[in-house]
Amino acid sequence: MMKNKIIFVACDTSNLSEIKKIIKKIQTKDLKIVPKFGLQFFYSKNGRKFLENFKKDFWLDLKINDIPQTALSAVNSLKDLKRCKYITVHANGGLEMLKLIKKKAKSINKDLKVLVVTILTSLNNKLLKEIGHTKSVEQLVLKQAGLIKKSGCDGIVCSAQEAKMVRKKFKKLYIITPGIRLPGDSADDQSRVMTPSNAFKNKVSGIVMGRSLIKGDIKNNIKRLIDHLNK
Ligand code: C5P
């Protein structure tokens with residue numbers, strides 16, 4: 001039952017032995033776990049080399065955001081990463097960029113999913129205003145969800161707080177939500193947070209968990225997550 005819930009574990013460190021430790025300790029037969037690597041590791045000296053030879057499927061979360069041709073070429077440069085099954089781009093890049101990236105991803109590997117980041121989970125209405133937006137988080141996420149559907153990309157990345165609303169309008173969209181914390185854990189720099197079970201109640205397809213799992217005793221954190229989801 002819990003196997004249909006995907007947990008993407010954010011392996012956010014540039015230290016290779018830490019990465020290896022995380023990957024080893026997050027393994028469990030009770031959950032479908034997929035590691036996610038971001039800018040911190042990819043930019044590090046050992047990061048890319050490690051991912052070239054990595055033997056498990058992973059998500060490369062580079063959140064590409066550039067003009068269409070540059071974004072497209074960036075995706076093309078990832079084509080040797082055979083086990084990379086998910087990449088991320090920003091919806092801000094616009095429809096044309098999303099369409100081109102989806103087309104390129106498909107030509108590289110038909111199993112490569114393009115996930116589109118909407119409003120970062122670290123932002124809220126006040127912070128959006130500060131950068132010049134006049135619409136609310138919810139309005140922007142819903143608008144961008146429509147754009148994602150139109151582009152043919154595979155999924156949306158938003159916070160679990162918007163997931164219910166997005167699911168209502170887009171029944172089949174793949175919805176992934178970061179900003180997830182086990183009950184009692186600190187929100188850190190995230191603004192729009194939710195617990196794993198509440199996120200799944202909002203019909204998300206998968207959740208992203210970093211610090212709640214990888215800080216402290218990783219095995220115990222995984223056990224806490226399983227117990228929490230079984231409640
Ligand atoms: O440690 P924490 O669980 O907050 O980590 C969240 C992870 O999800 C980070 O790797 C971050 O880059 C990523 N992420 C996010 N918000 C998005 C997209 C990705 O926090 N909108």
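When a ligand or atom number is given, it counts from 1 through the structure's own listing order.
For Phe42 and Phe37, the ring centers are positioned 6.0 Å apart or more.
Contact of the Tyr174 side chain with the Tyr86 side chain is registered, since non-hydrogen atoms from C-beta on lie closer than 4.5 Å.
Residues Asp189 and Arg211 are paired through a salt bridge, judged by an N-O separation under 4.0 Å between the basic side chain and the carboxylate. Under a 4.0 Å N-O distance rule, the pair Lys99/Glu96 does not qualify as a salt bridge.
When heavy-atom distances to ligand 1 are checked against 4.0 Å, the residues falling inside are Ala10, Asp12, Lys36, Asp61, Lys63, Val117, Leu120, Thr121, Val157, Pro178, Arg181, Gln190, Val208, Met209, Gly210, Arg211, ordered by chain and number.
Using modelled atom types, one finds a donor on one side chain and an acceptor on the other under 3.5 Å when comparing Asn198 with Thr195.
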Quick one, Lys231 with Asp227, criterion salt bridge (Lys or Arg N to Asp or Glu O under 4.0 Å). Give me CA distance, side-chain angles, the key distance, then yes/no.
CA-CA 6 Å; Lys231 257 191 206 150; Asp227 291 346; over 6 Å; no
